[in-house]
Amino acid sequence: MNIIHSLIDFTKLCQATPLFLLDEKVKTEAVAKLKIAAGKLRELMSNEENKGTSAGDAVEMLWQSVGKDDLDEQELSVALGQVYEAVSGTNNPAIANDLEELKKYLDVFKYRALHHKIRSEYIEKTCQNLPPEKRAEHDQKVLKEKLIFYVVEYSLEVARWLRTMTSDDQKKLIETGMKVASGNLPGLKEFMKSYKEEVAYTVCDEAERHHLLKIFLDYEQTLAGGDYVKIIKELDVFNRELLKVALKFGITAFTGLILKPYPDNTPIERIIKELA
Amino acid sequence: MSDIIEGQNEEGRRKKFTPSPTESSTVVKAKQALADALGHPAEEQFDLEIATNKELDEAKKEAGVSSEKESLLRNLRLALDSSDMGLLYKATERLKNLREKGEYIDLIPVSVVHGGKANEVSGLDDSHPAYQDYGPTAHMTGAEKRHFIGQHSEGVDKTTRDFKFKNWEPTEEDKYEAGVEKSPGQALERRLIIDAARAEKFEEIHKKVIDTILDKEILNNALLLASTREQGPNLDFMKAIVKRLDGLEKSSKKDKKKK
């Protein structure tokens, strides 16, 4: 394994999932590997002539970023980007394909990390001046308006239709959406990203915000896997987990606004049991 | 100039390296050096086999909090034996934190003997405490020491593992200046092994030195040093030390059985 492969592995791992949401063991190993690679890179670039050049600075920035106790994934993505930029114009056939692969993952990682940082900072700024009781009020309101009416209402309805459809229709509903008796249901894949934005980044409670993000990311990965049987099965898990969050914030009954997968005021606990 | 190499098919086209006229040759060379470095092996013969047994899980918990030298050593060896990168990372980070806070012993002895080849590899300045020495090379610069050893050394004494110099024998004072070391030979071992642990480049000479060392304490200290090297753990060196320690422990068991 060459140094560039270590950079690719790390970037690939972080492209979809924030570092703090990775399994502790996976994260520890990924960081350790990157650290070793950055150290080796620094060692190989330790020649005095390289210091102060864009290439030398990029390596130093990567080394500094990966060495921090409190890792900043956005800073790491920028540092990896600087390393890529420094060599992108060079002629080195031995690593040309690897560089292309690195760029593919890096583009996604950089965007995702920056986006996550901006959205997280924005909600933290919004919430920082609110007293604790107002924060709880804010979170309950957001979850009622966005999680229940905007997300779960749709996803419960989709799950209900998927159970009775032919496999062709199931694929269609997942991929592009379709018109059913209760209305025009958009495709599951299409809507997943906006769901995440609408809900996960609007809650003041940091732990729950991260939990919600994890629920969405886990299901996004299931969707990306393309296994329709699993996608349908895991949709129930996704719905159940979201409803559990709603319960935590004191939302005990479900009432759909447009779609009615369950009758108005159905206890959420009952829906969770049904989905289990 | 076109940035596409002519004559290649679509898939095989690569951007040709056309440095901007404002880029100095140093910048261009540095970029090329970085490209070459990226293709270099990541110094990771370490296979990432994920160990999940209870012992490793417990070691990881312990590695994050323990400040006992024995425990740190045990965890480092366990990490190397099991190829568990996570444990290695936790143990080395803990050790580094302890050393930064000054809560841990300073592993670099103030007084060690004989200058020479070691600092060619380590790149340390001659004024570093590790190079405070005695003997015929005591007041020489690094280059002078290397020249002197090259000219006058008759090799290494097999018994003391010390350099043997023509027309020179250490006086009692020289030996005393070697400080905590039991013998100049042992001090030399420590010196070389510290250099190797800290070295940016791993040289064959140090591998050979490891296999001559009998003192487990020196090997243990070198293992700790090698794991906290600034550039990241020196895995090759650590593995060589663990191999030597394992060898010594096996011999010691055999000796006990014979008795």
Side-chain angles (χ1 to χ4, degrees), chain A residues 1-9 23-59 63 66-67 69 82-100 102, chain B residues 3 5 11-20 23-48 50-52 56-57 60 64 79 84-90 92-93 96-97 100 123 199-202 229-235:
Chain A
M1 181 185 256
N2 292 343
I3 292 174
I4 193 163
H5 298 136
S6 298
L7 307 193
I8 290 170
D9 286 352
D23 172 78
E24 192 58 33
K25 192 171 182 176
V26 173
K27 178 184 157 186
T28 307
E29 280 164 3
V31 173
K33 267 178 73 181
L34 183 65
K35 204 166 187 178
I36 288 172
K40 188 72 189 167
L41 213 48
R42 193 168 180 249
E43 187 182 320
L44 292 164
M45 291 291 286
S46 62
N47 190 319
E48 201 59 37
E49 279 189 350
N50 296 329
K51 285 180 184 160
T53 64
S54 54
D57 288 349
V59 171
W63 172 250
V66 75
D69 285 341
Q82 298 279 1
V83 171
Y84 171 80
E85 287 302 325
V87 295
S88 62
T90 56
N91 188 17
N92 194 332
I95 59 162
N97 289 336
D98 292 330
L99 276 177
E100 276 176 25
L102 178 65
Chain B
D3 64 354
I5 297 172
E11 197 181 328
R13 283 180 182 176
R14 301 267 178 264
K15 277 192 174 180
K16 198 171 182 178
F17 184 28
T18 50
S20 106
E23 280 188 337
S24 70
S25 65
T26 309
V27 172
V28 175
K29 272 184 195 166
K31 285 184 173 185
Q32 196 57 52
L34 179 54
D36 294 341
L38 285 169
H40 195 280
E43 199 180 321
E44 198 197 316
Q45 286 80 31
F46 225 54
D47 294 326
L48 290 178
I50 317 289
T52 52
L56 281 174
D57 286 343
K60 274 179 201 163
D84 191 306
M85 218 51 183
L87 180 57
L88 178 72
Y89 180 70
K90 285 207 167 186
T92 54
E93 288 301 299
K96 268 197 252 178
N97 286 342
E100 275 164 20
E200 290 187 9
K201 291 173 189 168
F202 184 64
R229 195 177 59 148
E230 197 192 347
Q231 307 91 321
N234 190 341
L235 296 178

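Below, all heavy atoms of this structure are taken into account, side chains as well, without hydrogens, waters or symmetry copies. The shown structure was predicted, so the numbers you read here are calculated from the model rather than taken from an experiment. Residue numbering restarts at 1 for every chain, and letters A, B, ... go by the order of the sequence lines.
- Note on A/Val26, A/Asn47, A/Asn50: by heavy-atom pairs under 4.5 Å with chain B, the leading option is A/Asn50.
- Between B/His40 atom NE2 and A/Lys40 atom NZ the span is 5.0 Å, to the nearest 0.5 Å.
- With a threshold of 4.5 angstrom between heavy atoms, A/Ile4 approaches chain B through its backbone and through its side chain.
- Between A/Val87 and B/Lys31, the shortest heavy-atom distance links the atoms CG1-O, 3.7 Å.
- Nearest heavy atom pair, residue B/Ala30 against residue A/Ala55, reads O-CB, 3.5 Å.
- A/Val83 places a side-chain heavy atom less than 4.5 Å from the side chain of B/Leu38.
- Shown here for A/Ala86 and B/Leu34, the closest heavy-atom pair between the two residues is CB-CD2, 3.7 Å.
- The two residues B/Ala35 and A/Ile95 make their nearest non-hydrogen contact at O-CD1, 3.4 Å.
- For chain B, no part of A/Ala94 is nearby; none of its heavy atoms comes within less than 4.5 Å.
- The two residues A/Glu49 and B/Thr26 come nearest to each other via the heavy atoms O-CG2, 3.2 Å.
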